[in-house]
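The structure under discussion appears below in the form of structure tokens.
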Amino acid sequence: MKRNTVQKKTIRKYLQSVKTHPTAKQVYLEVRKTLPNISQGTVYRILKNFKAKGDIHEINSVTNRYDGDLKPHSHFICDKCNKIFDIFENNKINKHQCKFGKITSSQVYYHGVCNKCNK
Ligand SMILES: [Zn+2]
Ligand SMILES: [Zn+2]
């Protein structure tokens with residue numbers, strides 16, 4: 001297998017395995033454990049490439065956070081600890097069709113303070 005293919009596979013697998021919505025830097029640090037020779041530039045380039053192809057989502061309201069879960073879902077973002085939570089319930093907004101056309105993806109963000117920070 002080509003080196004580039006292995007790198008891409010590793011990054012995609014990592015993103016699909018976590019629920020943390022990691023930053024590009026976190027992706028780099030994590031992937032480096034398996035691929036010690038990978039450079040930060042390569043990781044950033046692959047992430048950009050994935051994003052352009054629609055293989056991953058970039059959380060638009062927070063810079064450089066990525067999501068490997070492509071199932072339609074919304075996000076709750078804690079403004080205190082910056083954790084991002086997936087909301088899969090209440091997905092009425094994510095119908096495949098609306099009166100303007102076919103919906104292929106959607107991103108909804110709810111900002112607030114999570115239960116842990118609210119204590
Ligand atoms: Zn919080
Ligand atoms: Zn998510």
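Atoms within a ligand are numbered from 1 in the order they appear, just like the ligands themselves.
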Answer yes or no for His57: is there an N/O/S atom below the 2.8 Å cut-off from the Zn ion (ligand 2)? no
Counting backbone and side-chain atoms alike, is an N, O or S atom of Asp69 positioned under 2.8 Å from the Zn ion (ligand 2)? no
More than 12 heavy atoms from other groups under 6.0 Å of CG on Asn115: no
Identified side-chain contact (heavy atoms from CB on, under 4.5 Å) partner of Asp67 from the options Ile84, Asp86, Leu15: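 Testing each of Ile84, Asp86, Leu15 against Asp67, the sole residue satisfying side-chain contact (heavy atoms from CB on, under 4.5 Å) is Asp86.
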Spatial distance of atom CG (Leu47) from atom CD1 (Ile56) [nearest 0.5 Å]: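 If I round to the nearest 0.5 Å, the distance is 5.0 Å.
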Steps toward side chain to side chain contact (heavy atoms under 4.5 Å, CB included) verdict (Leu70, Gln16): CA-CA 9 Å; Leu70 294 176; Gln16 284 169 349; 5.9 Å; no
Would you mind listing every ring pair (Phe, Tyr, Trp, His ring centres under 6.0 Å) that reaches into residues 26-51, with sequence neighbours excluded?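 As it turns out, there is no ring pair (Phe, Tyr, Trp, His ring centres under 6.0 Å) pair with a partner in residues 26-51 once direct neighbours are skipped.
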How are the rings of His21 and His75 set relative to one another: parallel (under 30°), tilted (30 to 60°) or perpendicular (over 60°)? perpendicular
Could you state whether Val6 and Val43 fall into the same hydrophobic cluster, counting links through intermediate Ile, Leu, Val, Met, Phe, Trp or Tyr residues with side-chain heavy atoms under 4.5 angstrom apart?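 Cluster IDs for Val6 and Val43 match.
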Would you say Ile59 and Val113 are hydrophobically clustered, going by side-chain heavy atoms of ILVMFWY under 4.5 Å?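 Ile59 does not cluster with Val113.
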OD1 (Asp86) to the Zn ion (ligand 2) to NE2 (His75) angle, given to the nearest 10 degrees: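 Rounding to the nearest 10 degrees gives 100°.
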Taking the N/O/S atoms of Asp67 one by one, which is nearest to the Zn ion (ligand 2)? OD2
Determine how many protein N/O/S atoms sit closer than 2.8 Å to the Zn ion (ligand 1), leaving waters out since they are not shown.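 Considering protein N, O and S only, the Zn ion (ligand 1) has 4 within range.
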